[in-house]
Amino acid sequence: MAVTSSSTLPAAGPSGFPELFFMQESEQRNLTLDHTPFTIGRRADRDLIIADPRVSRDHASILSEGGDYVIVDMGSKHGTFVNGEKIERHKLNTNDRVEFGARGGPCVVFNPTSVGTSSAREFLDQISGIEVRSNASDLEKLTFFLEAARKLNTTGVVDEILVTLIDSTLRLTGAERGCVFLHDPDGRLRLAAGRNARGEAMTDETTISRSILEEAARAASAFVVTDTAKSADVAQRKSIITYDLRTVICIPLRKTKVKEKALDVTLMGGLPEIMGVLYLDSRYASRDLSKVSKDILTTIATEAASLVENARLVQAEEASRRYQQELSIAASIQQRLMAVTIPELSFATIEARNLSCRDVGGDFYDVIPTPEGVAVVVTDVCGKGISAALLASILQGMVYSQLCNRVPLPEVVTSTNRFLCQKSLGEKYATMVIAHLKSSGELEFVNCGHVPPLLIDSGSISRLFESNVPVGLLPDMEYSSARRQMKPGDRLVLITDGVTEAENPAGEFFGDERLERAAAGHSPFRDILSAVRAFCAGRPLGDDCTVFELTYKG
């Protein structure tokens, strides 16, 4: 955990400092508040990194003020909540619950007096001592189960939920065996969990009637037989005879209505979508399956479907959270890899900035001093996101190493192009400009399908249109360079197409004309960036933007 200051806090918890209990979906951990300010957000350099799209990069901060601890919202987009109330600044008290980005979102409990858990297995341990009276009413049984279902609904582990569900169902019904079958991606019913009345796991499904399962799922209706000996329809089924079953209960798990959809999801024939089947059986005939008790079983099946569906959603959200966390780490690594130290040169000055439209991007620039002067490169990898960022990192390493070894510019791009084409990266290619400016003012450059550079001479702007094809398209392509002589005060401006293709709220492009007007000002670098921001008027960038300015001093 990064320490951003050395301000010492008074002792408050067992460790001598206040504590935070962090919760996000199934993740739970303790943190020690051993310094202030304690920063919270999505950025990789925050003390508490929360990889959730609802959380801002720099979301909130905890401060120490006169022995008190204060949570301050740092202008987050979706807000900070303390005990359900949205705040900008709030003095923290023991057990205060602070949520970030949304009610019910990631949260911390300040200096908690106790730490709870929502594990399905631990919950089962808690209720295992509770007995359902043999003479309990149907309403009492239903209330018991619904309470269990609500508590289980807070977990995110499908297997644990199903096992706990079956255990509760066996206790409620008095059945000997219970199973949940779920449809796999191929539509086949697969045994997801099974238990017997002794609490032992069931893995053998050969003694369960597959035909009954499939009939119940196909008909989307309950299959309940309380005495198989008196039912001609099932008395001759092989599995029932083999295992000597007298009671068989098979209830479809209907998928619940999805909030985002106005209508129930249906399959062909207009039947509700079936997620799977709840199966119970016994080797004795049941005498208490009244109509109300059958309703309880239907309620159990409904709750089971809801539990499975919600648990899968939680798992999907957890996978998304982990992906966001990995993406944040990848962005941090890329930023470090591509961090450029602009050298101090006696004959030139350089200013450059890259604006990524996502956490990771495909634009990069680099500056490499040479014995004769300085080499610069600006590259734009096609596409966005992780794949573009990965290719950009590879290209940066290749170009950097060759320029350091004083490889001629045409050979640098020729070997880079050959490498990309040999790796068969599909439609991945890159545009780039590599330029070498000597201290004498001699400029050599290679343009590979990139936006034509601007050469500014005493306010007069010319475009350098000499160009080759992008790298990564044609394996046998030979590249050539062009030359210019720069005079003191001349500026070379390189951009990526994210600048000219930046859009305003009306959908218009920034374009070449606005680019040249901005470049004609006193400071092209700053003026171009300012003009793009003003033009976009708050609309997010649709592509990465890079602006690079090289001024020759002579």
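- A donor-acceptor contact under 3.5 angstrom links the side chains of H436 and T370, judged on distance only.
- Going from atom CD1 of I71 over to atom CG of L63 covers 8.0 Å, rounded to the nearest 0.5 Å.
- Across K553 and S346, no two heavy atoms sit closer than the pair CE-O, 3.4 Å.
- Side-chain atoms of D96 and N83 include a donor-acceptor pair closer than 3.5 Å.
- What you find for M23 and R97 is that their closest heavy atoms are CE-NH1, 3.6 Å.
- Side chain of R514 to backbone of F509: a donor-acceptor contact under 3.5 angstrom is found.
- Side chains of D73 and H90: a donor-acceptor N/O pair is absent below 3.5 angstrom, by distance only.
- When side chains are defined from C-beta on, V399 counts as touching V412, because their heavy atoms get closer than 4.5 Å.
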Sequence neighbours left out, cut at 3.5 Å: what donor-acceptor pairs do the side chains of residues 492-503 make with other protein atoms?
{"residue": "T496", "atom": "OG1", "partner": "D363", "partner atom": "OD2", "Å": "2.7"}
{"residue": "T496", "atom": "OG1", "partner": "T546", "partner atom": "N", "Å": "3.0"}
{"residue": "T500", "atom": "OG1", "partner": "D497", "partner atom": "O", "Å": "3.3"}

Checking side-chain contact (heavy atoms from CB on, under 4.5 Å) for the pair C404/Y400: CA distance, chi angles, key distance, verdict?
-> CA-CA 6 Å; C404 285; Y400 180 89; 3.5 Å; yes
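- Among residues two or more places apart in sequence or in another chain, the salt bridge (Lys or Arg N to Asp or Glu O under 4.0 Å) test is passed with E411 by none.
- With a 4.5 Å cut-off on side-chain heavy atoms, V413 and R418 do not count as touching.
- Atom CD of E65 has more than 12 neighbouring heavy atoms from other residues, nucleotides or ligands inside a 6.0 Å radius.
- Using a 4.0 Å cut-off between a side-chain N of Lys or Arg and a carboxylate O of Asp or Glu, R526 and E351 qualify as a salt bridge.
- Residues V446 and P410 come closest through the heavy atom pair CG2-N, 4.1 Å.
- Within the structure, the salt bridge (Lys or Arg N to Asp or Glu O under 4.0 Å) test picks out the following pairs touching residues 435-448 (sequence neighbours left out): K438-E442, E442-R483, E444-R483.
- Side chain of D490 to main chain of K487: a donor-acceptor pair is present (N/O by atom type, distance under 3.5 Å, no hydrogens or angles).
- Electrostatic pairing of D52 and R42 does not count as a salt bridge here, judged by no charged N lying under 4.0 Å from a carboxylate O.
- In this structure the side chain of P453 reaches within 4.5 angstrom of the side chain of N447, judged on heavy atoms.
- What you find for D47 and P37 is that their closest heavy atoms are OD2-O, 3.5 Å.
- Ion pairing of E372 with R406 is present here, as a side-chain N (NZ or NE/NH1/NH2) and a carboxylate O approach within less than 4.0 Å.
- Note that OG of S56 and CD1 of I40 are 12.0 Å apart. Values are rounded to the nearest 0.5 Å.
- With hydrogens and angles ignored, the 3.5 Å screen pairs no side-chain donor or acceptor of N405 with any backbone N or O of V407.
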Going through the checks in order, is the side-chain contact (heavy atoms from CB on, under 4.5 Å) test met by N93 and N95?
-> CA-CA 6 Å; N93 297 304; N95 288 332; over 6 Å; no
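- With sequence neighbours excluded, the residues that form a ring pair (Phe, Tyr, Trp, His ring centres under 6.0 Å) with F100 are H59.
- For the pair V376 and F548, the tightest heavy-atom approach, listed with the atom from each and the gap, is CG1-CZ, 3.5 Å.
- The 12-atom threshold is exceeded at CZ of F22, counting heavy atoms of other residues, nucleotides or ligands nearer than 6.0 Å.
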Verify side-chain contact (heavy atoms from CB on, under 4.5 Å) between V451 and R463, making sure each step is shown before the conclusion.
-> CA-CA 9 Å; V451 179; R463 305 296 291 266; 3.8 Å; yes
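- For the pairing with H450, the side chain to side chain donor-acceptor pair (under 3.5 Å) check across T431, D380, N468 returns one residue only, T431.
- Residues R46 and D58 have side chains in contact (heavy-atom distance under 4.5 Å, counting atoms from C-beta outward).
- Between N111 and L33 there is no side-chain heavy-atom pair separated by less than 4.5 Å.
- Using a 4.5 Å heavy-atom cutoff, the side chains of R491 and D457 are not in contact.
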With side-chain contact (heavy atoms from CB on, under 4.5 Å) as the test, would you mind laying out the steps for R484 and L464 before giving the verdict?
-> CA-CA 9 Å; R484 294 288 191 281; L464 308 182; 3.6 Å; yes
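- Taking 4.5 Å as the limit, every side-chain heavy atom of F525 sits out of range of all side-chain heavy atoms of D527.
- A distance-only check finds a donor-acceptor pair linking the side chain of Y552 to the backbone of G441 [under 3.5 Å].
- The ring pair (Phe, Tyr, Trp, His ring centres under 6.0 Å) test applied to F510 returns F535, not counting sequence neighbours.
- Smallest separation of non-hydrogen atoms from G554 and P488: CA-CG, 3.9 Å.
- Within the 3.5 Å criterion, the main-chain N or O of C382 finds a donor-acceptor partner in the side chain of K428.
- Not counting sequence neighbours, the partners of R103 by the salt bridge (Lys or Arg N to Asp or Glu O under 4.0 Å) test are E99.
- The number of heavy atoms from other shown groups lying within 6.0 Å of NZ (K77) does not exceed 12.
- Side-chain contact between N417 and Y479: present, with at least one pair of heavy atoms (C-beta onward) separated by less than 4.5 Å.
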